[in-house]
Protein chains: 2
Amino acid sequence: MGITKTEHFTEAQNELAVLAKAIGHPARIAIIQHLIKVNSCVCGDIVNELPLAQPTVSQHLKELKNAGLIKGNFEGNAICYCLNEEGFEKIKDFFENINSYLENKKNQCC
Amino acid sequence: MGITKTEHFTEAQNELAVLAKAIGHPARIAIIQHLIKVNSCVCGDIVNELPLAQPTVSQHLKELKNAGLIKGNFEGNAICYCLNEEGFEKIKDFFENINSYLENKKNQCC
DNA sequence: TATTTATATTGCAATATTACGATATAAATA
DNA sequence: TATTTATATCGTAATATTGCAATATAAATA
């Protein structure tokens, strides 16, 4: 089918899945890493940073924006992008739970 | 196309993408959460925990296993699953970098 | 050994994703 | 206003993902 049965899962599970899925592409990871590396908002040079055509990059940026992981504002005729704290905040708890679980894990069998 | 141009990205970026992509489905999040919730290895009741048919669950488990996020060992005629620390360790740094960046971020423009 | 139980694999239909050329849009500038 | 520059959207081809029925496999048990 290719269609996810979102209705069978909790809102939180679906939300987390959307966020993780958005991160789940090397181009989108490269975009996130670039935004961190330059340590500021990036206006207009994201296309040049990636080995993909402009429409493709635009599509990836849109997906990150839709997922709530980046924000973009018009700045003249360019667009300034930066990370969106809200999105990453939502993932944070999930991974912190996993990490603290893994640190304290007993009952090892595998 | 539907084919990701992995050759244009670093190994680390591709590896992270594979991990995030594997997490990016509500059923697979539910599996991870269940493994944490029961706080032990789970032998054989994962199919019953999910609102999906057995072959579908088997497929999701396979994807999590391929990505290195869970481990499974035969235990009699059932299989015991638990989280695979290695996989989550690889994601940890990525999110820790993002979080410490977001906490110290200056240069806000959006 | 035959049956039961648990899980995996195969095959396939429906849908989603990835990528990009062509084109549109919209602000800046000549 | 015409042109340039930056980004978005459309359309489409190639491939991937999701889900499940049918079936296979493999260990446990009757």
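Just so we're on the same page: letters track the sequence lines, and every chain starts at 1. Quantities reported herein were computed from a predicted structural model and do not represent experimental measurements.
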- prompt: What are the two closest non-hydrogen atoms of B/Leu64 and B/Ala22, and how far apart are they?
  reply: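 For B/Leu64 and B/Ala22, the tightest heavy-atom pair comes out as CD2-O, 3.9 Å.
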If you check the [X] side chain, which of [options] turns out closest?
{"X": "B/Ile3", "options": "D/dT15, D/dT7, D/dT17", "result": "D/dT15"}
{"X": "A/Ile79", "options": "C/dA19, D/dA8, C/dT15", "result": "D/dA8"}
{"X": "A/Tyr81", "options": "C/dA8, D/dC20, D/dA8", "result": "D/dA8"}

Please state how far atom [atom1] in [X] lies from atom [atom2] in [N], giving the value in whole angstrom units.
{"X": "A/Lys21", "N": "D/dA16", "atom1": "NZ", "atom2": "C1'", "value": "11 Å"}
{"X": "B/Asn48", "N": "C/dA6", "atom1": "CG", "atom2": "C1'", "value": "10 Å"}
{"X": "B/Lys5", "N": "C/dA19", "atom1": "NZ", "atom2": "C1'", "value": "7 Å"}
{"X": "B/Asn73", "N": "C/dA8", "atom1": "CG", "atom2": "P", "value": "12 Å"}

Residues touching DNA chain C, which here means a heavy atom under 4.0 Å, drawn from residues 50-66 of chain A: A/Leu52, A/Ala53, A/Pro55, A/Thr56, A/Gln59, A/His60, A/Glu63
query: Where along residues 22-35 of chain A does a heavy atom fall under 4.0 Å from DNA chain C?
result: A/His25, A/Arg28
field: B/Glu11 CD: over 12 foreign heavy atoms closer than 6.0 Å
entry: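 12 or below, so no.
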query: Are more than 12 heavy atoms from other residues, nucleotides or ligands located less than 6.0 Å from atom CD of A/Glu86?
result: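 Count not over threshold, so no.
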- prompt: If you measure from CD1 on A/Ile70 to SG on A/Cys80, what distance do you get to the nearest 0.5 Å?
  reply: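 SG of A/Cys80 is found 12.0 Å from CD1 of A/Ile70.
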Close side-chain approach of [X] and [Y], heavy atoms under 4.5 Å:
{"X": "B/Ile91", "Y": "B/Leu69", "answer": "yes"}
{"X": "A/Leu52", "Y": "A/His60", "answer": "yes"}
{"X": "A/Leu102", "Y": "A/Ile98", "answer": "yes"}
{"X": "B/Gln54", "Y": "B/Ser58", "answer": "yes"}
{"X": "A/Leu19", "Y": "A/Phe94", "answer": "no"}
{"X": "B/Val18", "Y": "B/Lys90", "answer": "no"}
{"X": "B/Glu96", "Y": "A/Phe95", "answer": "no"}

- request: Could you summarise the pairing of DNA chain C as dot-bracket text, marking Watson-Crick and G-U pairs under 3.5 Å with ( ) or [ ] inside the strand and | across strands?
  value: ||||||||||||||||||||||||||||||
task: Quick one: list whatever passes side chain to side chain contact (heavy atoms under 4.5 Å, CB included) with A/Ala20, sequence neighbours left out.
output: B/Ile23
Got a list of protein N/O to nucleotides 2-5 of chain D N/O distances below 3.5 Å?
none

message: By the salt bridge (Lys or Arg N to Asp or Glu O under 4.0 Å) test, which pairs, at least two apart or in different chains, include something from residues 23-45 of chain B?
response: B/Arg28-B/Glu63
